[in-house]
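Chain naming here is simple, since letters A, B, ... match the order of the sequence lines and numbering starts at 1 in each.
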Protein chains: 2
Amino acid sequence: MEETKPSRKMFLEIVQELRTLIRNENIRTGEKLPSERVLAERLGAGRSTIREALRSLELLGLIETRRGEGTFLSDYRQHQLVDVLAAFIMQEPKSLEDVRLTMQIHEKDAVQRAAAGPEIRELPLWDSLEAAVSSDRPVRREDIIREILVAAGNRLSLKIWYLLNAYAKTPYEGDAEPPERPVIREMILAIKNGNSAAAADAYTRWAGMVHG
Amino acid sequence: MEETKPSRKMFLEIVQELRTLIRNENIRTGEKLPSERVLAERLGAGRSTIREALRSLELLGLIETRRGEGTFLSDYRQHQLVDVLAAFIMQEPKSLEDVRLTMQIHEKDAVQRAAAGPEIRELPLWDSLEAAVSSDRPVRREDIIREILVAAGNRLSLKIWYLLNAYAKTPYEGDAEPPERPVIREMILAIKNGNSAAAADAYTRWAGMVHG
DNA sequence: CTTAATTTGTCCGTATGTATG
DNA sequence: ACATACATACGGACAAATTAA
């Protein structure tokens, strides 16, 4: 009989142990993980099993492996999973609708939160955003929203939004069209004035313009 | 020279080829895929490489493997990817405050959404919830919130909330104390009346009572 | 009930391409 | 140029679980 795991699949255990290892060793994004052979010895598993776990995380875009160099903790924004998941899942309209709605939940909250606090709504960011949408230069919708989420300061919410955006990758592609610009400008002004309700209202109308 | 692409990683090619194989063979959810050895021969790769691709898809929840039986195409509608991704998101210097705030984002949206749609706010659920908080019996805060999230109908949002709630531990543990009950009742009544703003306001006050 | 065949689970050995010093 | 370290990929071997004869 073995010493520990009567429970699960080995490679899932490895995935879990890799997570705790990354946390304990305090490995940051871009830094290197131990080699496969070292991991095999430390975690008490064969190289094949280690590789299966590593490949799974690679497909998710959580790590990046470079031949001859090693395995590196990747930036979660690397949406390699999108192509794969899109092929398998994207036919499901219900799921996509949930993703879209959930993105809007976080976006709307960020808009409201930005207007609520003086330390956020007095940032110079809003002046530059207003200037951008008031100009004739093309402005990407995604950039505007991301800036607002960053300014709002909830990093967890920002990360969730990143993942959902990579997953859906249609809602806010492209530039803000001329008809949208007055609404966006209204939203920014409401934030600067600290009118949270008006900002949320303008955001809702904008979101309604982008996707029916 | 090879027939296709010597450039990309083999196991990613296998993932791609598995997708076309599933489509061509018209394999439905729950049905069985060819065995690993058969796949290795048909796709011209070693069994280890086939397994790496299969495990990746398994971690994504796209397939399910049962020892001694085989590999089966699973129901991909479950957002299992959120579990894995969330586990890795959380590894960072996570401020518990962000977790708490992000939970409230989803909760508040569910409350507003419930009040917005007639098909939701007319559910018998609200009557039973109102009766529960009006009685003297203990009512768990967590149960109330979960019911509202379920009623709101965004399954992805619910899933994210589950994860955050499990991670934050103790945000809404325990029963709704007597001082909270009038506010909760006010929130429920606002939902039933379709007053989205009042419902959101009552929720905010309730959340402020629970954690300072 | 026993036996055999099939399939996944796991590990090992080997060869090769690639990057670093 | 050479040696080292690492990922890449293949194939073999055996264990464990399931199914069917």
Side-chain angles (χ1 to χ4, degrees), chain A residues 1-18 21-22 25 27 29-74 78 80 84, chain B residues 1-18 21-22 25 27 29-74 80:
Chain A
M1 61 157 74
E2 284 302 325
E3 70 291 343
T4 44
K5 338 210 165 120
S7 54
R8 288 275 185 70
K9 312 213 167 188
M10 193 65 154
F11 98 101
L12 290 177
E13 297 287 339
I14 299 296
V15 169
Q16 184 76 7
E17 291 184 33
L18 281 174
L21 183 144
I22 289 172
E25 308 269 326
I27 300 176
T29 60
E31 291 183 358
K32 190 170 173 300
L33 272 67
S35 73
E36 294 178 349
R37 288 178 176 80
V38 173
L39 286 175
E41 186 161 356
R42 283 181 55 175
L43 302 182
R47 290 187 281 278
S48 305
T49 308
I50 298 292
R51 279 184 63 81
E52 289 174 6
L54 288 177
R55 299 308 202 118
S56 302
L57 297 179
E58 183 178 3
L59 186 65
L60 280 169
L62 295 173
I63 62 172
E64 181 184 355
T65 57
R66 293 195 286 269
R67 192 179 210 169
E69 294 185 62
T71 307
F72 301 86
L73 192 59
S74 166
Q78 237 68 27
Q80 192 143 28
V84 186
Chain B
M1 62 164 68
E2 283 302 323
E3 68 289 344
T4 47
K5 313 169 183 175
S7 55
R8 298 187 45 171
K9 308 211 170 188
M10 193 64 138
F11 97 101
L12 290 177
E13 296 291 335
I14 299 297
V15 168
Q16 184 76 7
E17 291 184 32
L18 281 174
L21 185 144
I22 289 172
E25 307 269 327
I27 300 176
T29 59
E31 292 183 359
K32 191 171 173 298
L33 271 67
S35 74
E36 295 177 349
R37 289 183 174 80
V38 173
L39 286 175
E41 187 162 357
R42 283 181 55 177
L43 302 183
R47 190 161 89 98
S48 306
T49 308
I50 298 292
R51 279 183 63 82
E52 289 175 5
L54 287 176
R55 299 335 265 286
S56 302
L57 296 178
E58 183 178 3
L59 187 65
L60 281 169
L62 296 174
I63 62 173
E64 181 184 356
T65 59
R66 293 195 286 269
R67 188 183 216 169
E69 295 185 60
T71 306
F72 302 86
L73 193 60
S74 82
Q80 183 169 346

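Atoms CD (A:E13) and C1' (C:dT10) sit 14 Å apart, rounded to a whole Å. Separating the CD1 atom of A:I50 from the P atom of D:dT8 is a distance of 14 Å, rounded to the nearest angstrom. If you measure from atom CZ of A:R51 to atom P of C:dC12, you get 15 Å, rounded to the nearest angstrom. When the P atom of C:dC12 is taken as reference, atom CZ of A:R37 falls 12 Å away, rounded to whole Å. Atom P of nucleotide C:dT8 and atom CD of B:E58 are separated by 11 Å, given to the nearest angstrom. Remark: C1' of D:dA9 and CG of B:L54 are 16 Å apart, rounded to the nearest angstrom. Taking atom CZ of A:F72 as the reference point, atom C1' of C:dT18 lies 12 Å away to the nearest angstrom. Note: CD (B:E36) to P (C:dT7) measures 10 Å, nearest angstrom.
Checking the phosphate oxygens (OP1, OP2) of C:dG9, a side-chain nitrogen or oxygen of B:R55 falls inside 4.0 Å. At the phosphate of C:dG9, OP1 or OP2 sits under 4.0 Å from a side-chain N or O atom of B:T65. Contact check, A:R66 against C:dT18: no side-chain N or O comes under 4.0 Å of OP1 or OP2.
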Quick one: which protein N/O atoms are closer than 3.5 Å to N/O atoms of nucleotides 16-19 of chain D? Pair and distance per line, please.
| unit_1 | atom_1 | unit_2 | atom_2 | d |
| --- | --- | --- | --- | --- |
| D:dA16 | O4' | B:R67 | NH2 | 3.3 |

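With distances taken from any side-chain atom of A:E52 to the nucleotides C:dG9, C:dT10, D:dC6, the minimum falls on C:dT10.
Salt-bridge annotation for B:E36 and B:R47: present, with a side-chain N of the basic residue lying under 4.0 Å from a carboxylate O of the acidic one. Between A:E52 and A:R55 no salt bridge is recorded (no basic side-chain N to carboxylate O distance below 4.0 Å).
Within the 4.5 Å cutoff, the side chain of B:L59 has heavy atoms near those of the A:L57 side chain. Two residues are said to be in side-chain contact when any heavy atoms from C-beta on lie closer than 4.5 Å; B:L18 and B:I63 fail this criterion. Contact check for B:L54 versus B:I14: no side-chain heavy atoms found under the 4.5 Å cut-off.
When the shell of 6.0 Å around CD of A:E31 is examined, it contains more than 12 heavy atoms from other residues, nucleotides or ligands. Atom CD of A:E41 has 12 or fewer neighbouring heavy atoms from other residues, nucleotides or ligands inside a 6.0 Å radius.
Under the Watson-Crick or G-U wobble criterion, with both distances below 3.5 Å, D:dA1 has no partner in any strand shown.
Without hydrogens or angle criteria, B:T29 side chain to B:S74 main chain gives no donor-acceptor distance under 3.5 Å.
Against DNA chain C, the stretch residues 40-49 of chain B makes heavy-atom approaches under 4.0 Å through B:R47.
Nearest heavy-atom pair across B:S56 and B:F11 is OG-CE1, 3.6 Å.
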